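Encoded as structure tokens, the structure appears first; notes follow it.
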Amino acid sequence: MELRRYWGLAGVVCVGVGVAAGELLAALLSPSDSPVTAVGQVVIGMLPGGTKEWAIHLFGTLDKTVFLTTMVVLMALLAAAAGLLERRFRGAGLVLVGLFGVAGIAAVASRPDTTPPAYFAPVLAAAAAMGLLAWVRGRFLSQGPGGARTPQRGGLPAAQARPTSRRTFLAYMGGGAVIAVLAGGASTLFRQAAVAVADVRAKVRLPLPAKAAPPIPADARLDVPGISALVTDPNNFYRIDTALVVPAVNSDSWTLKVTGMVEREVTMTFAELLAKPMVELYVTIGCVSNDVGGGLVGNARWLGWPVRELLAEAGVKPGADMVLSTSTDGFTAGTPLEAMTDGRSAMIAVGMDGAPLPLVHGYPARLVVPGLYGYVSATKWLAELKVTTFAADQGYWTPLGWSALGPMKTASRIDTPRNQGRPAAGPLTAAGVAWSPTRGISAVQVQLDGGPWQTATLAEALNKDTWVQWKAPLVAGAGHHELKVRAVDGSGTVQTADIAPPAPNGATGYHTVQFTAA
Ligand SMILES: Nc1nc2c(c(=O)[nH]1)N[C@H]1C(S)=C(S)[C@@H](COP(=O)(O)O)O[C@H]1N2
Ligand SMILES: [Mo]
């Protein structure tokens with residue numbers, strides 16, 4: 001009896017530590033996806049409609065708590081069962097724990113807005129629980145049928161050694177329980193901070209733009225399967241930042257400061273910012289780390305207040321040539337003052353595709369500067385703009401070997417056919433996107449198997465700051481092929497063929513795909 005209890009306890013503690021570790025990882029990586037809540041959501045979704053309604057009415061506002069408590073109790077029972085199963089059939093308990101993990105992964109996958117990091121949590125949870133259970137079995141629990149392993153400590157008779165082993169076992173289990181509770185509590189705190197901001201964000205009403213982006217012309221989109229969407233889905237928009245935990249910045253207490261070489265320092269609240277005349281602009285932003293043909297680039301409709309108007313309110317003193325922007329988490333970017341004040345509509349963005357900025361993209365406010373790589377311009381969770389000089393200050397990445405100046409290079413990408421793809425032999429349509437923010441794209445050309453450069457069809461551009469879709473009809477006979485693309489910018493300059501790595505100021509070269517027509 002007693003021993004059975006130990007196996008059950010081992011199951012509960014090991015699974016508890018695993019799940020708590022997973023929850024903590026999830027809270028840090030992607031606060032909106034808790035594996036436990038995801039499983040709960042799936043279970044609720046599977047309840048018959050009437051039951052669901054009934055449960056919600058019965059539990060009232062407590063429904064979530066009651067539901068989650070029930071889930072935790074059920075999980076503990078299953079975990080105890082896994083421990084007991086492991087006692088009877090070595091490895092079977094581990095398999096059961098592994099199945100919990102699979103259920104967690106499936107639940108996370110079923111969420112509409114799942115991000116790749118969300119999968120780490122259930123995987124970690126299952127692996128940790130299985131590893132711990134296997135270890136506890138080997139260290140403390142019986143390997144023979146039904147009996148306790150009785151270590152021969154210093155030659156003591158088994159009867160005397162067992163209590164020591166039991167005490168150690170219970171101490172380990174107690175320690176495990178404490179770790180599980182602490183990790184679980186910490187994950188709740190992290191999540192609540194983020195979720196509270198999510199609530200505040202959900203209540204934000206963005207102002208209408210004083211100057212709206214013109215509607216997207218029908219000819220701006222090419223209908224080719226596999227081509228990048230003209231406007232990137234915010235959920236698929238690349239994310240790059242140094243933040244391990246997504247900053248949860250409460251817009252109710254957030255302020256933006258303008259400091260440094262100004263006539264008067266300015267501090268403004270989010271409400272004051274939202275009251276400014278906003279512009280709306282499609283801008284393609286990209287990361288300097290993007291490889292040729294890579295995905296660290298995206299196009300969005302940004303709503304924001306022109307930085308130049310804020311700087312005018314502050315009054316820039318002569319001699320300044322840089323604006324050092326700082327985020328709430330300490331990241332900095334050094335942007336040429338000129339890029340913030342010339343005609344290009346650098347903005348303090350508060351909206352992305354018609355909604356407040358997603359937390360990962362800088363809620364409540366970020367910078368968007370057309371034509372500059374993100375690392376020198378696109379500060380998310382913006383807190384301060386310091387007007388200064390390149391001589392006096394540098395942004396986060398500059399001392400780490402990246403250029404102080406980061407103008408985006410003209411680039412083009414083949415979205416289809418895919419590299420290593422196997423399209424049908426015969427006629428096919430190659431397609432992709434090309435961008436040269438601030439300069440625009442005047443032409444795209446493709447080259448098949450080293451032949452002549454052929455002019456692709458360009459979709460209508462939204463403006464000079466966004467990428468443009470292109471397509472080119474090709475005929476590819478059966479066999480292996482190589483396709484290259486290059487763009488010509490708005491000033492007539494052909495994209496350079498020189499191959500350069502991302503560091504220190506952006507990759508160059510022609511995107512090339514290999515494919516086999518069959
Ligand atoms: N606070 C903060 N803002 C940041 C960064 C960062 O590390 N921290 N990275 C920058 C870089 S390198 C890029 S490419 C863009 C990416 O913006 P996105 O994640 O919204 O696509 O954000 C910029 N803003
Ligand atoms: Mo970047």
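Treat the numbers as computed from the prediction; the structure is a model and nothing was measured.
Within a 6.0 Å radius of CD in Glu460, other residues, nucleotides and ligands contribute more than 12 heavy atoms. At most 12 heavy atoms of other shown residues, nucleotides or ligands fall within 6.0 angstrom of atom CZ in Phe120. Atom CG of Leu189 has more than 12 heavy atoms from other residues, nucleotides or ligands within 6.0 Å.
Across every non-hydrogen atom of Gly295 and Asn290, the tightest pair is N-OD1, 3.2 Å. The minimum heavy-atom distance between Ala404 and Thr398, with the atom names listed, is CA-OG1, 3.8 Å. Taking all atoms of both residues into account, the shortest heavy-atom contact from Ala103 to Val39 is O-CG2, 4.3 Å. Closest approach of Val292 to Gly509, counting heavy atoms only: CG1-O, 3.7 Å. Closest heavy-atom contact between Lys409 and Thr508: CD-CG2, 3.4 Å. Here the shortest heavy-atom pairing between Tyr363 and Pro356 reads CE1-CB, 4.0 Å.
Under the 4.5 Å side-chain criterion, counting only non-hydrogen atoms from C-beta, Tyr282 is in contact with Ile216. Between Asn505 and Tyr373, the closest side-chain pair of non-hydrogen atoms is not below 4.5 Å. Side-chain contact check for Lys317 versus Val262: every heavy-atom pair is 4.5 Å or farther apart. Taking 4.5 Å as the limit, every side-chain heavy atom of Val283 sits out of range of all side-chain heavy atoms of Pro437. Using a 4.5 Å heavy-atom cutoff, the side chains of Leu273 and Trp254 are in contact. Side-chain contact between Val197 and Val249 is absent, with no heavy atoms from C-beta onward closer than 4.5 Å. Between Phe515 and His480, every side-chain heavy-atom pair lies at or beyond the 4.5 Å cut-off. Met347 has its side chain out of reach of Leu367: every pair of non-hydrogen atoms, C-beta onward, lies at least 4.5 Å apart.
Put simply, CG on Leu474 and CD on Gln454 are 6.0 Å apart, with the number rounded to the nearest 0.5 Å. In this structure, the separation between CG on Leu256 and CD1 on Ile348 is 5.5 Å, given to the nearest 0.5 Å. Going from atom CD of Gln445 over to atom CD of Gln447 covers 10.0 Å, rounded to the nearest 0.5 Å. Between the SG atom of Cys287 and the CZ atom of Arg239 there is a distance of 12.5 Å, given to the nearest 0.5 Å. Leu24 contributes atom CG, which lies 12.0 Å from atom CD1 of Ile179 (distance to the nearest 0.5 angstrom). Here Glu263 contributes atom CD and Glu313 contributes atom CD; the two are 14.0 Å apart, rounded to the nearest 0.5 Å.
Between the side chains of Lys484 and Thr512, at least one donor-acceptor pair of N or O atoms lies under 3.5 Å. If you check the side chains of Gln514 and His481, you find no donor sitting under 3.5 Å from an acceptor. Side chains of Asp393 and Thr388: a donor-acceptor N/O pair is present below 3.5 angstrom, by distance only. For Thr259 and Glu384, the side-chain atoms include at least one donor-acceptor pair closer than 3.5 Å. One side chain, Ser228 or Asp415, offers a donor N or O that lies under 3.5 Å from an acceptor on the other.
No donor-acceptor pair closer than 3.5 Å links the side chain of Thr516 to the backbone N or O of Arg422. The backbone N or O of Leu230 sits less than 3.5 Å from a side-chain atom of Asn299, completing a donor-acceptor pair. Side chain of Thr335 to main chain of Val376: a donor-acceptor pair is present (N/O by atom type, distance under 3.5 Å, no hydrogens or angles).
For the pairing with Tyr396, the ring pair (Phe, Tyr, Trp, His ring centres under 6.0 Å) check across Tyr375, Trp402, Phe331 returns one residue only, Phe331. If you run side chain to side chain contact (heavy atoms under 4.5 Å, CB included) between Trp470 and each of Ile414, Val224, Thr457, only Ile414 comes through.
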Practice prompt. Applying side-chain contact (heavy atoms from CB on, under 4.5 Å), run through Leu337 and Leu311 and close with a yes or a no.
Written response: CA-CA 10 Å; Leu337 178 65; Leu311 292 176; 3.8 Å; yes

Worksheet item: After noting the C-alpha distance and the side-chain angles of Ser325 and Leu382, does the key distance pass the side-chain contact (heavy atoms from CB on, under 4.5 Å) rule?
Response: CA-CA 7 Å; Ser325 51; Leu382 182 64; 3.8 Å; yes

Discussion item. One pair to check against salt bridge (Lys or Arg N to Asp or Glu O under 4.0 Å): Glu280 and Arg301. What are the steps and the verdict?
Written reply: CA-CA 7 Å; Glu280 192 183 48; Arg301 176 165 49 97; 2.7 Å; yes

Practice prompt. Might you work through the side-chain contact (heavy atoms from CB on, under 4.5 Å) test for Leu359 and Arg201, ending with a clear yes or no?
Written response: CA-CA 9 Å; Leu359 265 57; Arg201 175 180 176 276; 3.6 Å; yes

Worksheet entry | Test side-chain contact (heavy atoms from CB on, under 4.5 Å) applied to Ile240 and Ser289, step by step | CA-CA 9 Å; Ile240 293 286; Ser289 300; 5.9 Å; no

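Between Asp241 and Lys380, at least one side-chain N (NZ, or NE/NH1/NH2) sits under 4.0 Å from a carboxylate O, which counts as a salt bridge. Ion pairing between a basic and an acidic side chain is recognised when a charged N comes within 4.0 Å of a carboxylate O; Glu23 and Arg191 show such pairing. Between Arg221 and Asp223, none of the side-chain N atoms (NZ, or NE/NH1/NH2) sits under 4.0 Å from a carboxylate O, so this pair counts as no salt bridge.
Arg486 is linked by a salt bridge (Lys or Arg N to Asp or Glu O under 4.0 Å) to nothing, counting only residues two or more places apart in sequence or in another chain.
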